[in-house]
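Computed from a predicted structure; not experimentally measured.
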Amino acid sequence: KQWYQRRVRAKAKVTIGLVGVTLVLVSVTCALGITSYFRLPATLVVVEVVPFLVLAVGVDNVYILVQSLQKKMEERGGEKEKEDFVRVLFRDVLQDVGPSMLMSSVCQTVFLL
């Protein structure tokens with residue numbers, strides 16, 4: 001049973017990472033769509049450099065989120081039988097790392113502009 005739990009936990013981390021990267025790529029696509037809707041010129045920097053900068057900011061936040069999620073899951077190992085385990089787990093994770101993720105995103109966005 002332990003082997004299976006470790007495998008599921010590893011798959012969950014990979015899934016969270018892939019969803020995070022996909023979310024970042026979708027946000028870049030939306031940003032390019034919005035700028036083209038308002039007929040703003042798309043320079044080479046906007047098309048080639050900005051997606052990588054946004055990806056770096058987004059992946060950094062996903063790493064912080066996954067690390068905190070792993071720590072909280074280890075702390076609450078015996079409480080998995082509760083009905084609202086996932087909701088409480090994510091609430092606690094976001095209470096811990098939400099402010100730092102927000103400040104990290106704001107600072108990186110301001111410095112990269």
Side-chain angles (χ1 to χ4, degrees):
K1 190 172 181 179
Q2 264 184 344
W3 171 79
Y4 178 75
Q5 288 175 345
R6 279 186 277 163
R7 185 172 176 180
V8 167
R9 212 177 310 157
K11 283 186 178 180
K13 283 191 257 182
V14 169
T15 304
I16 290 172
L18 288 175
V19 167
V21 171
T22 303
L23 186 63
V24 169
L25 293 175
V26 168
S27 69
V28 168
T29 304
C30 288
L32 290 174
I34 290 170
T35 56
S36 66
Y37 177 77
F38 289 114
R39 302 196 191 286
L40 297 173
T43 63
L44 191 62
V45 172
V46 170
V47 175
E48 291 186 358
V49 176
V50 170
F52 290 106
L53 295 175
V54 172
L55 186 65
V57 171
V59 169
D60 182 42
N61 286 334
V62 169
Y63 175 75
I64 292 170
L65 186 68
V66 169
Q67 184 180 14
S68 178
L69 180 65
Q70 182 180 5
K71 189 186 305 182
K72 287 290 181 184
M73 285 181 72
E74 289 173 2
E75 289 175 5
R76 298 179 174 265
E79 299 180 19
K80 291 183 180 178
E81 293 80 28
K82 292 184 179 179
E83 292 179 15
D84 59 347
F85 172 73
V86 174
R87 186 178 56 139
V88 171
L89 179 70
F90 276 98
R91 181 197 66 201
D92 292 345
V93 167
L94 288 176
Q95 280 178 341
D96 286 347
V97 299
S100 66
M101 288 172 57
L102 176 66
M103 290 304 296
S104 170
S105 296
V106 168
C107 288
Q108 290 176 1
T109 302
V110 168
F111 291 136
L112 293 175
L113 290 178

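Between the side chain of Ser68 and the backbone N or O of Leu65, no donor-acceptor pair lies under 3.5 Å.
We find the CD1-OG1 distance between Ile34 and Thr29 to be 11.0 Å, quoted to the nearest 0.5 Å. Distance check: Leu23 CG to Asn61 CG gives 10.5 Å after rounding to the nearest 0.5 Å. The CE atom of Met101 sits 9.0 Å away from the CG atom of Asp60 when rounded to the nearest 0.5 Å. Separating the CG atom in Asp92 from the NZ atom in Lys71 is a distance of 13.0 Å, to the nearest 0.5 Å. With rounding to the nearest 0.5 Å, the separation of SG in Cys107 from CE in Met103 is 4.5 Å. With values rounded to the nearest 0.5 angstrom, Leu32 atom CG is found 11.0 Å from Leu40 atom CG.
Closest non-hydrogen pair, Ile64 versus Ser100, comes out as CG2-OG, 4.3 Å.
A salt bridge links Glu75 with Lys72; the closest basic N to acidic carboxylate O contact falls under 4.0 Å.
Phe90 and Val97 end up in the same hydrophobic cluster when Ile, Leu, Val, Met, Phe, Trp and Tyr side chains are linked at under 4.5 Å. In the hydrophobic clustering of this structure, Val66 groups with Leu94; members are Ile, Leu, Val, Met, Phe, Trp, Tyr whose side-chain heavy atoms approach within less than 4.5 Å, directly or through other members. In the hydrophobic clustering of ILVMFWY residues, with side-chain heavy atoms under 4.5 Å counting as a link, Val110 and Leu102 come out together.
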